[in-house]
Amino acid sequence: MSDLPFQYQFAAGAIAGVSEILVMYPLDVVKTRQQLDTTGAYNGTIKCLKKIVAEEGPSRLYKGISAPILMEAPKRATKFAANDEWGKFYRKAFGVPAMTPGLAVLTGATAGATESFIVVPFELIKIRLQDKNTTYNGMGDVVKDILRKNGPLGLYKGLESTMWRHIWWNAGYFGVIHQVRSLMPKPKDKKQKMLIDLTCGTIGGTFGTVLNTPFDVVKSRIQAGSTQYKWTYPSLFKVAREEGFAALYKGFIPKVLRLGPGGGILLVVFTASMEFFEKVHKGEPLW
């Protein structure tokens, strides 16, 4: 846990989030296509990438990135800052001097629920733009259409499913990071520390993805506008019943390829940014 003021945690989370999405975004497009697909046209990560490029052009792999870029700063900043603040709250509430595995899971889950309120409108816009059949030209088109048809609350379509997605991912991510870090040797230098952070973050991101992919599949379908899916858990059973249990893991490969290493990138950049801001806060030399 960090004792730095909130604004430094927010800035570090924002830098980490934007860094991750610039590297990993095409995999998010592939994941969404696979989750919305019920015909098998987008099976296979490499096949899906090739199909999108061949049929729609390379730029399609970055379709809708403006919404995530705008979202990533507040989203990731909220993720890490909320995790720090909720951690302090729970340690004080339970009278525990240091974080425990159970508190790490509880803290992560609560931070995930907090993060969801920031994320939903941006996720909704992104999903609508990533859909192959989209008729929208950009963010403005999506927002105007939603406001015209459903009003301001329409921007929060899929809030419940988004909340479950983030609760499960954050609980797995931060819980595993805490556990894996406790098993790692104490780093001897900055290079070793970066490797440990990358390993912990990648393992945490992978585990979080295993836990939350079914919720992400349902969230994508709810936000794409399908009237068949409304609430998370009934939708999970509906998908499993009609398409088989494996359908709940559609888009898993591109998702885990993004959020496994992506989780590592997040943790490394966040930690490095926090170290930088700690020097700034204390007035120490930066180099």
Side-chain angles (χ1 to χ4, degrees), residues 17-72 75-76 119-120 122-139 142 158 161-162 165-166 168-169 172-173 201-202 205-226 229 235-236 239 243-266:
V18 172
S19 300
E20 186 269 343
I21 198 168
L22 288 173
V23 176
M24 298 294 195
Y25 188 75
L27 289 170
D28 190 67
V29 175
V30 171
K31 178 221 41 157
T32 301
R33 288 293 181 90
Q34 291 181 348
Q35 288 179 342
L36 297 178
D37 176 39
T38 57
T39 65
Y42 290 99
N43 288 343
T45 302
I46 301 300
K47 177 186 171 184
C48 185
L49 280 167
K50 288 180 177 178
K51 183 178 176 67
I52 292 171
V53 171
E55 295 180 358
E56 304 168 54
S59 63
R60 190 68 176 190
L61 293 175
Y62 284 88
K63 178 77 172 178
I65 195 172
S66 52
I69 285 289
L70 290 173
M71 171 181 71
E72 281 304 303
K75 172 185 173 182
R76 302 302 187 184
V119 166
V120 175
F122 297 98
E123 277 284 315
L124 179 61
I125 293 165
K126 176 179 74 76
I127 294 295
R128 296 285 173 92
L129 289 172
Q130 286 180 340
D131 190 344
K132 184 182 188 300
N133 300 314
T134 186
T135 56
Y136 300 112
N137 292 318
M139 283 183 61
V142 180
S161 55
T162 302
R165 182 185 79 158
H166 285 270
W168 283 103
W169 197 86
Y173 181 66
T202 300
T206 300
F207 188 72
T209 303
V210 171
L211 289 180
N212 93 330
T213 296
F215 299 92
D216 195 33
V217 170
V218 167
K219 181 202 75 71
S220 292
R221 294 191 180 190
I222 289 171
Q223 291 190 319
S226 173
Y229 309 98
S235 297
L236 288 171
V239 172
E243 301 172 49
F245 181 79
L248 292 172
Y249 278 85
K250 282 189 172 185
F252 176 75
I253 297 300
K255 184 175 168 69
V256 81
L257 285 174
R258 179 192 173 188
L259 294 178
I265 292 170
L266 273 176

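Predicted, not measured: the structure shown is a model, and the values here were computed from it. Below, each value reflects all heavy atoms present in this structure, side chains not excepted, and no hydrogens, waters or symmetry copies.
- Note that CD1 of Ile125 is 4.5 Å distant from CE of Met139, once rounded to the nearest 0.5 Å.
- With rounding to the nearest 0.5 Å, the separation of CD in Gln223 from NZ in Lys126 is 8.0 Å.
- In terms of heavy-atom proximity, Tyr25 sits nearest to Leu61 at CD2-O, 3.3 Å.
- In this structure, Ala247 and Val239 approach most closely via the heavy-atom pair CB-CG1, 3.7 Å.
- Between atom CG of residue Asn43 and atom NZ of residue Lys51 there is a gap of 10.5 Å, rounded to the nearest 0.5 Å.
- Residue Lys50 places its NZ atom among 12 or fewer non-hydrogen atoms of other residues, nucleotides or ligands, all under 6.0 Å distant.
- Listed here is the closest heavy atom pair of Leu236 and Pro214: CD2-O, 3.4 Å.
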In sequence, state the C-alpha distance, the side-chain angles, and the governing distance for Gln34 and Cys48, and then conclude on side-chain contact (heavy atoms from CB on, under 4.5 Å). CA-CA 8 Å; Gln34 291 181 348; Cys48 185; 4.0 Å; yes
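- By the 4.5 Å heavy-atom criterion applied to side chains, Leu36 and Tyr42 are not counted as neighbours.
- Counting only heavy atoms from C-beta outward, the side chains of Arg60 and Val29 never approach each other to under 4.5 Å.
- Within 6.0 Å of atom CZ in Phe215, more than 12 heavy atoms from other residues, nucleotides or ligands are found, so the atom counts as buried in its surroundings.
- Scanning for salt bridge (Lys or Arg N to Asp or Glu O under 4.0 Å) contacts around Lys250 gives Glu243, with sequence neighbours left out.
- Proximity of Val30 to Pro26: side-chain heavy atoms (C-beta onward) are nowhere separated by under 4.5 Å.
- Asp37 and Ala41 make their closest contact through OD2-N, 2.9 Å (heavy atoms, listed as atom of the first residue, atom of the second, distance).
- If you take CD on Glu123 and OG1 on Thr162, they are separated by 6.5 Å, rounding to the nearest 0.5 Å.
- Interatomic distance, CG of Leu124 versus CD1 of Ile222, reported as 11.5 Å (0.5 Å rounding).
- With contacts defined as side-chain heavy-atom distances shorter than 4.5 Å, the pair Val256/Val210 does not qualify.
- Aromatic ring orientation, Tyr249 versus Phe252: perpendicular (interplanar angle above 60°, classes split at 30° and 60°).
- Looking only at side-chain heavy atoms (C-beta outward), Val218 and Arg221 stay at 4.5 Å or farther from each other.
- Across all their heavy atoms, Leu129 and Tyr136 have their closest contact at CD2-CB, 3.8 Å.
- Here the side chain of Asn212 pairs no donor or acceptor atom with the backbone of Trp168 at under 3.5 angstrom.
- Residue Ile253 holds its CD1 atom at 9.5 Å from OG1 of Thr213, rounded to the nearest 0.5 Å.
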